[in-house]
There are 2 protein chains.
Amino acid sequence: MAGANLPAMRSHNTALVLDLLRTAGEGGISRLELAERTGLTPQAVSKITARLREEGLAAEAGRRASTGGKPATVLRLVPDAGHAVGIQLDRDELRAVLVELDGTVVAARHAEVDLGAGAEAVLGAVVELAGELVERGGDTLLGVGVGAPGPLDHTHGVLHRVTGFPEYDGFPLRDALAERLGVPVVVDKDSNAAALGLAVGGEGGSFACLLLGTGLGAGLVIGDTVHRGARTGAGEFGHQVVQLDGPPCHCGDRGCIEALCLAAVARGDVAEAARVLGVGASNLAGLLDIDLVLLGGRTIAAAPEPFVRGVAAVLDERARREGGLGTTIPVRVAPGGDRGVAEGAAQLLLAPLFGRADG
Amino acid sequence: MAGANLPAMRSHNTALVLDLLRTAGEGGISRLELAERTGLTPQAVSKITARLREEGLAAEAGRRASTGGKPATVLRLVPDAGHAVGIQLDRDELRAVLVELDGTVVAARHAEVDLGAGAEAVLGAVVELAGELVERGGDTLLGVGVGAPGPLDHTHGVLHRVTGFPEYDGFPLRDALAERLGVPVVVDKDSNAAALGLAVGGEGGSFACLLLGTGLGAGLVIGDTVHRGARTGAGEFGHQVVQLDGPPCHCGDRGCIEALCLAAVARGDVAEAARVLGVGASNLAGLLDIDLVLLGGRTIAAAPEPFVRGVAAVLDERARREGGLGTTIPVRVAPGGDRGVAEGAAQLLLAPLFGRADG
DNA sequence: CTACTTTCGCAACGCTGTTGCCAAAGTGCA
DNA sequence: TGCACTTTGGCAACAGCGTTGCGAAAGTAG
């Protein structure tokens, strides 16, 4: 509920243009194309791009072949005009990346860590790993993004009860890190970070990013925006109940997807794990009418095909039941590999520049 | 992905002010209060409200007691400056209402109908019932909104496979009605219409509106906006699977909430029906982190207390498991009674005036 | 070389919300 | 009653946004 004024309009349009420049990548994009895609007049685009070039965020990059008249000048984002550090803080390891405006990773670090060693030790390890990258970012560093196991409070950057490590409940990770590093810090759930990274990376529309590793979580992107919900706790996919009065879960409930899935994995029954995951994905797809399901996390990485096949089978069946009008929802392995969360965490700071209200 | 210009900014701010006027109701609201709530300057608000008064949409309505200076002039929405007709098209009955800008119902009609009698007969019944109301709306009529059983295509106003009446699959309800009535028509799922009505009626934030009647559907409001999903099919709550390999559902799957719930109702076990509904609501609440669950529909209306109690019990347990930081999600009966869907359907045309992108 | 197309910037413009200022209409106190 | 003060709200000038009108630049086509 905010009123709009001229500066707001200007920054909106600037972000729009900047996002198109980013999406265009190395190939670049012409002013007229920018005008068409934004709905603005060519003259407005010229003014906006002139400002961006003055600020060093954009640059001319050659010309395109003529189509019968004056050849178009290609504009490009200047990637190193801004940087962000992204960190994945997992239960047993730490990953950090330094990325440029266009998402390119220019440095990466990795370390082992034990959450059980206490907040002070973990914080020290993060600062050590990220400190160097922060320095390399220099003046153009926008800040540090952290993806951590949920649930947590994204707005305030406070951890909640991390499964297996209850002592972190209420730990103000964001403020502690911001003080030590001296730069802005944003904290989000690892699955949300991964989802944001994929959304910025080109997955349009609405999709779910399911991460199966030591736990099971979901990042939901609805209409190009990460959906976090009222208390930023959305995406509790692991504890969706799909079997009334089923086997007990460590969360205290019964028949949770996570419990069924991890148990099946533990006894080597990948097909059943995939089927359970598929039922959960199918529920989610029906409820939210999403376009795509992406699977990620260590367990998936260890055996991608059977999981993709199993989940797809359940979704196909749903589509078949819905008749001719129902479309099968594609299932894929989330790109990005084991750095997906860290890269997405960096986007927590970069994305707002491009008009994505996910910061 | 649209560029903003001055007219867009103007209509945004106008809608903002208009929505606050509507929300303020009979009590009205002062210019300075509007300025505070929108973030605009008092001068901008003065200009905007002057325009609204010229157009007849707003009017001055007395003064407020002084707080030490010049007393504030109270502004009010002029309710009959605009009208919309809302229709609930159910499997066996028809309801229509004529509502004013502020949501007040100024006329209501009811009729019995049999979907099985064929599209032509049903269309005729709708035209007969709504025609009179459309005329009463006169020049100020914005159009007709229809809430029908899902699934359907909101964007194109085309019905899909209505459970029990497969012959309607592909029926272009919107265009057929628009031609007969000669006014704009918008079609949406009944549960979405009900949810929109509640959102406009004052339920803020994010909530789910679950309708249990001849079927079971959900309307999802996420961040003050009805969430319809990529193919406007979101809210397929009834066929969420909560019991792997459970009893077969008429949809072809097994263990759907709808099947379990309706079976429990059929055998008189309301407590079990409420528990199943509660598990579904709990899944939904965890996945989307919503603020509130509202229950509606005939079956709920017949026995509200046990359903509310049963659903609340499941949600309470989830909150307890999540520990101190988890908040219990309140459960209530959806206000609006048996006209909730029709009134919400009218809002399909009124809401866009107030900046709600649900039209 | 001429005609045409396409790109793109300069200058004037219209319209937005903002700022500076002042009048109006109350309260509170001497 | 009179003066000081607070709050409301409009008038006028203003800055800044995208838009429009127009012309220069830089190609292709014949």
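First the proteins, then the strands, lettered A, B, ... as listed; each starts at 1.
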Report task. Please answer whether the main-chain N or O of A:His154 pairs with a side-chain N or O of A:Lys189 as donor and acceptor at a distance below 3.5 Å. Result -> no
Query - Distance below 4.0 Å between B:Thr41 side-chain N/O and C:dG17 OP1 or OP2 - result: no
Report summary line: Closest of D:dC17, C:dT16, C:dT7 to the B:Arg10 side chain is C:dT16
Query - pair A:Val146-A:Leu177: side-chain heavy atoms closer than 4.5 Å - result: yes
Report task. Answer with base, sugar-phosphate or nothing: what part of the nucleic acid does A:Ile48 contact at a heavy-atom distance below 4.0 Å? Result -> sugar-phosphate
Report summary line: B:Leu32 CG to C:dA24 P, in whole Å, measures 19 Å
Query raised in the report: When the nearest nucleotide of DNA chain C is assigned to B:Pro7 and to A:Thr49 on a heavy-atom basis, which residue is associated with the more 5' position?
Result: A:Thr49
Report summary line: Side-chain contact check for B:Pro71: nearest option of D:dT28, C:dG26, C:dT18 is C:dG26
Report task. Would you kindly give the CE-to-C1' distance between B:Met9 and C:dG14, to the nearest whole Å? Result -> 13 Å
Requested in this report: Report which part of the nucleic acid A:Ala50 touches: base, sugar-phosphate, or nothing (heavy-atom distance under 4.0 Å, all strands).
Outcome: nothing
Query raised in the report: What is the distance from CG of A:Leu34 to P of D:dG18, rounded to the nearest Å?
Result: 14 Å
Query raised in the report: Does any N or O donor sit under 3.5 Å from an N or O acceptor when you compare the side chain of A:Lys47 with the base of C:dG9?
Result: no
**Report entry** Partner of B:Leu101 under side-chain contact (heavy atoms from CB on, under 4.5 Å), chosen from B:Val78, B:Asp80, B:Leu57
**Finding:** B:Leu57
Query - No-H, no-angle donor-acceptor pair, B:Gln43 side chain to D:dG9 base, under 3.5 Å - result: no
Query raised in the report: Does B:Glu60 pair with B:Arg31 as a salt bridge, N-O distance under 4.0 Å?
Result: yes
Query raised in the report: Between A:Glu54 (CD) and C:dG9 (P), how many Å, whole number?
Result: 13 Å
Query - Whole angstrom value for the distance that separates C1' of C:dA23 from NZ of B:Lys70 - result: 8 Å
Query - Out of C:dG14, D:dG10, D:dG18, whichever nucleotide has its closest atom nearest the side chain of B:Ser46 - result: D:dG10
Query raised in the report: For A:Ile29 and C:dT7, what is the distance between atoms CD1 and P respectively, to the nearest whole Å?
Result: 13 Å
Query raised in the report: Which nucleotide in the set D:dG9, C:dC8, C:dG17 lies at the smallest distance from any side-chain heavy atom of A:Thr73?
Result: C:dC8
Requested in this report: Just do the side-chain contact (heavy atoms from CB on, under 4.5 Å) check on B:Val200 and B:Arg22 with the steps written out, would you?
Outcome: CA-CA 10 Å; B:Val200 171; B:Arg22 184 187 62 78; 3.3 Å; yes
Report task. Assign each of B:Asn5 and B:Thr67 to its nearest nucleotide of DNA chain D by heavy atoms, then name whichever residue's nucleotide is nearer the 5' end. Result -> B:Thr67
Query - B:His12 NE2 - C:dG17 C1' separation (whole Å) - result: 13 Å
Report summary line: Sorted by position of nearest nucleotide on DNA chain C, 5' first, the leading residue of A:Arg31 and A:Gly69 is A:Gly69
Query - Atom-pair distance (CG on A:Asn13; P on C:dT16), nearest Å - result: 17 Å
Query - B:Arg63 side chain, from C-beta outward: closest of C:dA25, D:dG16, D:dG9 - result: C:dA25
Query raised in the report: If each of B:Ser30 and A:Ala44 is mapped to the nucleotide of DNA chain D with the nearest heavy atom, which maps nearer the 5' terminus, i.e. the 5' end?
Result: B:Ser30
Requested in this report: Please check if atom CD in B:Glu55 has more than 12 non-hydrogen atoms from other residues, nucleotides or ligands closer than 6.0 Å.
Outcome: yes
